[in-house]
Amino acid sequence: MSEQSLGEFEELVLLLVAASNHEAYGVQILENLEEKLGKKVNISAVHVVLKRMETKGFVESKFGGITNERGGRRKKYYNVTSQGKTVLDRQFELRTSIYKQIPKISFGQ
Amino acid sequence: MKMAPPKRALKFLRWFCRKDYLEEIEGDLLELFEKQYEDSPVKAKRKFTWSVIKYFRTDFIKSFKNVNNSNSIAMFKNHVKIAWRSLKRQPFFTSLNIFGLAIGMAGSLLVGLYIHDELSFDKMFADSERIYRINIDNRTAGEESHHAAVSGALASVIREDYPHQELVTRFKNEKSALIRKVGTVQNVKENNVVGVDQTFFEMFGLDLLIGDKSTALNEANTLILTRTAAEKHFGINEAVGQSMLLNNKDVFIVTGVIEDLPKNSFLRNHGVFMSISSFEDADNIAWNNWNYPTFVKLLPTAKKADLDAYASTVTERYLIPWAMSCMPGLTVESAREMNKTTGNYLNFVTINLTDIHLYSADRDGEFSRNGAIQNVYILSFVGFFLILLASINFMNLSTAYSLKRAKEVGIRKTLGSNRLGLIKQFLTEAGLMSFISLLCAIVVASLALPYFNALSGKSIVIPYTSFNFWLIMLITALILGLFSGSYPAFLMSKFSPIRGLKGNSDGNGNGKVRNFLVIFQFAISVFLIVSTLVVFE
C-alpha cells in the first residue's frame, strides 16, 4: 500500500507531468504549479517529489539534447508511466465515487 | 553584463549533490536564475542560494556507502584476511606477542577491577551522597587522636536543633562477643557485633528478609542477624523468635534477618545487630565517652558546608556546658583561652559515607579496615604502566621480526601499494592481535581472579553482563592495537622496495629507537616492582 500511496503534492505534480505529455521538466512543472496554485513553490520541492515518484515507478525520465540554454545543461524530461497512470485513475475514481455520495440535501435549499 | 549565479552556492551544491541528479538540478536552477535575473539580480542570487540550501537533504546528498566506502570495506576485509594469514605463518612470533600482550592486559584488567571496586564503596546505599558520619579530631596533652565515634548524646542534639537533618542514626561497636543459642553449651565467637538505632533500616535503605522493620529494634535485648549469621546459628526461617545468650549472661531475642551486606560496604564484616537500647549508656548524656558512630542524612536541599558549620559549633554549645557541670569555674571563654595556650583542640568534623573507605584511614572505632586513595593512585599508575610495558614489548617484537616482512613490503610497493595502504595493513594486523589478546586476557584474568581475591581480600567478579565493561574492553583493545602497531607499521612501510627484494636490508635505521624502547621497558619494570612493594608495605 505504501508503495502505491500518493501525497497531495505528489498527485498534483504527477497530474501535471501526465498532462504535459513528454514536455515536463523541472522548471516547466514548477511554473505550471505556481500558476495553478497561485503561490510560490521552491524548485527543490518539485525535484523531491519527482525523484520519489521515479523510485516508486510512477514517472520515468530521460535527458533532452544539449542546447545553449541553461549554461549547456541538458533538461531532464519526465513522463508518466502506466503504473503512474493507474494510480491517477484510481485516485480519481476514489474521489469521484466519494464525491457522488455527498447528498445534495447537505447544502440546504 | 554577465549573469553568474553565486559561486559559493554552486560549489556547495556540486560538493554534496548526487552526481546523477546534479546536471538536472543545476540546469533547472540556472534557468530559473536567468529568468529572475532580468527582474532583479540581487533577488535572483538570493533565491539561488536559498534553493541550493533547500536541496541539502537526504534525497539529494551523495550516499557515503555506495560511492566511497565499498572499496575501503573490501580493502579492510582483505587486510584482515592477509593479517590472519601472516599471523598463522609465524605461529611462534604470533603466540609470543599475543601472550605478552595478554598478560599485560590481564594484569591491567585485574588492577582496573580492583580500583573500580575500591571506588564503589558504600555507593549502593540509597542516598549515600547525603549521608555523613560525624568524626572527632582531638588533641589532648599534646597527643593527637582521630575518632570515628562520638558521644551518644550527639544524635539527639542534632535531631533536636539541626534543621537540615532528615535522619540520624547511631551505632555502637562491640567488637567481638560470644554467642550461643539458648539451650546449647558451645559458644560461637562473633567478631563484629554492633548496636544500631531503630532508624538503621531507614538510614541505609535496608529491608528485612524476615521480621518487621518498624518494630524489630525497638525493644532492649533484641537483635537482628544477617543471612549468613542466621544460617550459622539456626537456619534463616527458624531464626526469628529464637533466644540467644550473649557473653554467657544476656538473653537476646532474634527479631529479624537481613540480607548479607555487600562486600564493598563499611558493614561488610558485620553479622549481628543489637538494638541500641540494650546498652546501658545509650541515653547517657556524658560528652566524654566516644563510643557511638553517628550518621546524619541531610535533606536533599542541604549542603555539606551547612553540616560542617553546624558541627563546628557543637563543642562550645554542648560539650563545654556539659563539662562545666563537672568542672566548676570553667567557661566557654576560659576553655578557648586554655586551648589557645596548650594547642589542644576538640573538633567535630564530617565525612561523606562514600568517602569513608578511601579518605578515612586511621580513625579509632572504624567499622572495617579502610583503603587509601593513595593506593588507588599508585595502582592506576601500575595498571597504566603495565599495559604500556606490554605495548612496548609488542613493538620490540614486531620490529625485530620486521625484516621477515621486508620482501612482502617490497613486492607490495612494486605492485603499486602506497605507504598509507601498507600502514593500514600493518595496523590491521596489530589490531587483530590486540583483539585476540583481549580474549586471552579475559580468560587469564578470570582464571587468576580467585587467587587475586584471596590476596586482596575482596570478592571481585568480572562483570560479563555489563555493556560498559565490554565497551571499555573493546575500546582499550582498539587503542592498544593502534598504539602498539603504530611504530612497527610506520617503520615497516618505510622499507625501500629494492632493498627489500634484494634481501640486504638495513639493520641500522631502527637501532636507536629499539634500544631506547628496551631501556624504557626495563625502567618501567623497575618502577613497577618498586611501586608494588610500596603498595604492599
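Numbered from 1 within each chain, the chains take letters A, B, ... in sequence-line order.
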Is it the case that over 12 heavy atoms from other parts of the model lie below 6.0 angstrom from the OH atom of Tyr99(A)?
no

Answer with side chain, backbone, both or neither: which region of Gln28(A) has an atom nearer than 4.5 Å to a non-hydrogen atom of chain B?
neither

Looking at Glu26(B) and Arg74(A), is there a salt bridge between them, counting it only when a charged N and a carboxylate O are closer than 4.0 Å?
no

Answer yes or no: are there more than 12 heavy-atom neighbours, outside Phe76(B) itself, under 6.0 Å from its atom CZ?
no

Flag if over 12 foreign heavy atoms under 6.0 Å of CZ, Phe92(A)
no

Looking only at non-hydrogen atoms, find the nearest pair between Ser44(A) and Ser51(B) and report the distance.
CB-O, 4.4 Å

Does Lys51(A) qualify as a cation-pi partner of Tyr21(B), given the criterion of NZ or CZ under 6.0 Å from the six-membered ring centre and within 45 degrees of its axis?
yes

Please state whether the side chain, the backbone, both or neither of Phe33(B) comes within less than 4.5 Å of a heavy atom of chain A.
neither

More than 12 heavy atoms from other groups under 6.0 Å of CZ on Arg46(B)
no

Pairing of Glu23(B) and Lys75(A) as salt bridge, 4.0 angstrom limit
no

How far apart are the C-alpha atoms of Val48(A) and Phe60(B), what are their side-chain angles, what is the distance that settles it, and do they pass the side chain to side chain contact (heavy atoms under 4.5 Å, CB included) test?
CA-CA 8 Å; Val48(A) 169; Phe60(B) 300 109; 3.4 Å; yes

Pairwise distance CG(Asp28(B)) to NZ(Lys76(A)) - rounded to 0.5 angstrom:
10.5 Å

Point-to-point distance, once rounded to the nearest 0.5 Å, from CG of Leu29(B) to NE2 of His47(A):
7.5 Å

Would you say that more than 12 heavy atoms from the other residues, nucleotides or ligands in this model lie under 6.0 Å from the NZ of Lys77(B), or not?
no

Counting only heavy atoms not in Lys123(B), do more than 12 sit closer than 6.0 Å to its NZ atom?
yes

Could you walk me through whether Glu24(B) and Tyr77(A) satisfy the side chain to side chain contact (heavy atoms under 4.5 Å, CB included) test, starting with their C-alpha distance in whole Å, then the side-chain angles of each, then the deciding distance to 0.1 Å, before giving a yes or no?
CA-CA 9 Å; Glu24(B) 175 193 5; Tyr77(A) 290 107; over 6 Å; no

Show the numbers, then the answer: is there a side chain to side chain contact (heavy atoms under 4.5 Å, CB included) between Ile43(A) and Lys54(B)?
CA-CA 9 Å; Ile43(A) 181 75; Lys54(B) 285 197 125 182; over 6 Å; no

